[in-house]
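So the structure is just underneath, and the comments pick up after that.
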Amino acid sequence: MKDKFTGTILQSDALAQYILETSAYPREHEQLKELRMATVDKYQWWSMMNVTADEGQFISLFLKMMNAKKTIEVGVFTGYSLLTTALALPDDGKIIAIDPDREAYETGLPFIQKANMAHKIQFIQSDAFKVMEQLKANGEEGTFDFAFVDADKQNYIHYHEQLLKLVRVGGIIAYDNTLWSGTVAASDDDEMAEYLRRVRIDIMQLNTFLAADSRIELAQLSIGDGLTLCRRIK
């Protein structure tokens, strides 16, 4: 077990930094780098709410491999994963991006525009459940290739039920933070920050729920803060 729980699930922060500096940062798109640095400047510690560069690198490659064209993102923050997705989609690709915090999104928007990716994105400032209900009412069930969820962890299971209707059979739902700084393997007596302890149970319940869900195929990856991929099969 790690001596302390931090934003990386790797055994050492040095190893995480090695991966970033050796493989991720040299390949990072210039506007992604600018967005990442602007987020750090404005939000400091909270900048860790964005995906890590190596996780973004994986998401980009994965989207290209599956030839995704239409996606939905629940939880945007300043938009690192959003811009990553936009860069990976074809020019006529479409992303529905949902977050109640427009200010954070607008922090990253200049870099999305600079990368000429804004035309692929429909940002909706709203509660995600309202938007998903409207998408279903508009006849968009089963039309999304990929969904990325990085939002309020206590609602992940509820988002799952809605997204299984919106994502096509064979499509992917990806959940971020599913290893929660490694605390999912900790004991109740281990020392950890209160925000980690508060959400840890929600993540553990999600992981157990997904493992038992016969409607999906499942892979949980030890990248970033843990990324779980669910392929809809029913």
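Keep in mind the model is a prediction, meaning the values are calculated, not measured. The first residue in the sequence is number 1, and the count goes up from there.
- Looking only at distances, a side-chain donor or acceptor of K120 sits under 3.5 Å from a matching main-chain atom of A86.
- With contacts defined as side-chain heavy-atom distances shorter than 4.5 Å, the pair F58/L229 qualifies.
- Residues Q31 and M117 form no side-chain contact, since every pair of their non-hydrogen atoms from C-beta on lies 4.5 Å or further apart.
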>> Please determine whether side chain to side chain contact (heavy atoms under 4.5 Å, CB included) holds for the pair F148 and L227, giving the CA-CA distance in whole Å, both sets of side-chain angles, and the decisive distance to 0.1 Å.
In response: CA-CA 10 Å; F148 183 75; L227 179 69; 3.9 Å; yes
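- A donor atom on one side chain and an acceptor atom on the other are not found under 3.5 Å apart for S23 and Q57.
- For the atom pair CD1 of I201 and OG1 of T183, the computed distance is 8.5 Å after rounding to the nearest 0.5 Å.
- Without hydrogens or angle criteria, D225 side chain to S181 main chain gives a donor-acceptor distance under 3.5 Å.
- Residues I95 and V131 do not share a hydrophobic cluster, defined by chaining ILVMFWY side chains whose heavy atoms lie under 4.5 Å apart.
- The backbone N or O of L15 lies less than 3.5 Å from a partner atom in the side chain of S12, making a donor-acceptor pair.
- Through ILVMFWY side-chain contacts below 4.5 Å, V169 is grouped with nothing and stands alone.
- The list of salt bridge (Lys or Arg N to Asp or Glu O under 4.0 Å) pairs with a residue in residues 67-84, not counting sequence neighbours, reads K69-D92, K70-E140.
- In the hydrophobic clustering of this structure, M37 does not group with L20; members are Ile, Leu, Val, Met, Phe, Trp, Tyr whose side-chain heavy atoms approach within less than 4.5 Å, directly or through other members.
- Residues M66 and F144 do not share a hydrophobic cluster, clusters being chains of Ile/Leu/Val/Met/Phe/Trp/Tyr side chains in contact below 4.5 Å.
- Contact of the M132 side chain with the Y159 side chain is registered, since non-hydrogen atoms from C-beta on lie closer than 4.5 Å.
- Using cut-offs of 30° and 60° on the angle between ring planes, the pair Y195 and W180 is perpendicular.
- Distance alone, capped at 3.5 Å, is enough to place a donor-acceptor pair between the R232 side chain and the L164 backbone.
- Using a 4.0 Å cut-off between a side-chain N of Lys or Arg and a carboxylate O of Asp or Glu, K136 and E133 qualify as a salt bridge.
- Side-chain contact annotation: T85 with T71, donor-acceptor N/O pair under 3.5 Å absent.
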> Does the pair F146 and L89 meet the rule for a side chain to side chain contact (heavy atoms under 4.5 Å, CB included), with working shown?
Replying inline: CA-CA 11 Å; F146 179 81; L89 297 187; over 6 Å; no
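- Residues G79 and N50 share a closest heavy-atom pair of N-OD1, 3.9 Å.
- Under the 4.0 Å criterion applied to side-chain N and carboxylate O atoms, D188 and R200 are assigned as salt-bridge partners.
- Under the 4.5 Å side-chain heavy-atom criterion for Ile, Leu, Val, Met, Phe, Trp and Tyr, M48 and Y43 are members of the same hydrophobic cluster.
- Annotation: the span from T39 atom OG1 to Q44 atom CD amounts to 11.0 Å, rounded to 0.5 Å.
- No donor-acceptor pair under 3.5 Å is formed between the side chain of Y156 and the backbone N or O of D202.
- In terms of modelled atom types and a separation under 3.5 Å, the side chain of K42 and the main chain of T107 share no donor-acceptor contact.
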> Given the rule in the side chain to side chain contact (heavy atoms under 4.5 Å, CB included) test, do Y175 and K153 qualify, once you have shown the distances and angles that lead to the verdict?
Replying inline: CA-CA 10 Å; Y175 295 100; K153 315 309 176 192; over 6 Å; no
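- With values rounded to the nearest 0.5 angstrom, N138 atom CG is found 10.0 Å from T143 atom OG1.
- For the residue pair L163 and A147, the shortest heavy atom distance occurs at CD2-CB, 4.0 Å.
- Residues I216 and V74 fall within the same hydrophobic cluster, defined by Ile, Leu, Val, Met, Phe, Trp and Tyr side chains chained together at heavy-atom separations under 4.5 Å.
- Atoms CD and CG, on E217 and L210 in that order, are 13.5 Å from each other to the nearest 0.5 Å.
- Inspection of the T52 and D54 side chains reveals an N or O donor paired with an N or O acceptor under 3.5 Å.
- The shortest heavy-atom contact between V40 and S47 is CG2-OG, 3.6 Å.
- Going from atom CD1 of I96 over to atom CG of L166 covers 10.0 Å, rounded to the nearest 0.5 Å.
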> R215 and E161: side chain to side chain contact (heavy atoms under 4.5 Å, CB included), yes or no, with the steps?
Replying inline: CA-CA 10 Å; R215 299 167 296 178; E161 295 300 330; 2.9 Å; yes
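- Put simply, the side chain of T22 gets close to the backbone of Y18: a donor and an acceptor are under 3.5 Å apart.
- Scanning both residues, S222 and L179, for their nearest heavy atoms gives CA-CD1, 4.0 Å.
- Closest approach of Y80 and L32 over heavy atoms only: CE1-O, 3.4 Å.
- The nearest pair of heavy atoms linking L87 to A115 is CD2-CB, 4.5 Å.
- Under a 3.5 Å cut-off, the side chain of D99 and the backbone N or O of F77 do form a donor-acceptor pair.
- Side-chain N or O atoms of E34 include none that pairs as donor or acceptor with a backbone N or O of F111 at under 3.5 Å.
- Atoms OG1 and CG, from T178 and L206 in turn, are 7.0 Å apart once rounded to the nearest 0.5 Å.
- In this structure, the side chains of H29 and L83 stay at 4.5 Å or more apart for every pair of heavy atoms.
- Looking at heavy atoms from C-beta onward, H160 lies in side-chain contact with I173 at the 4.5 angstrom threshold.
- In this structure, D152 contributes its side chain and N155 its backbone to no donor-acceptor pair below 3.5 Å.
- Using a 4.5 Å heavy-atom cutoff, the side chains of R168 and D145 are in contact.
- Taking the side chain as every heavy atom from C-beta outward, R231 and V167 never approach each other to under 4.5 Å.
- Side chains of P100 and D127 form no contact here, defined as non-hydrogen atoms less than 4.5 Å apart.
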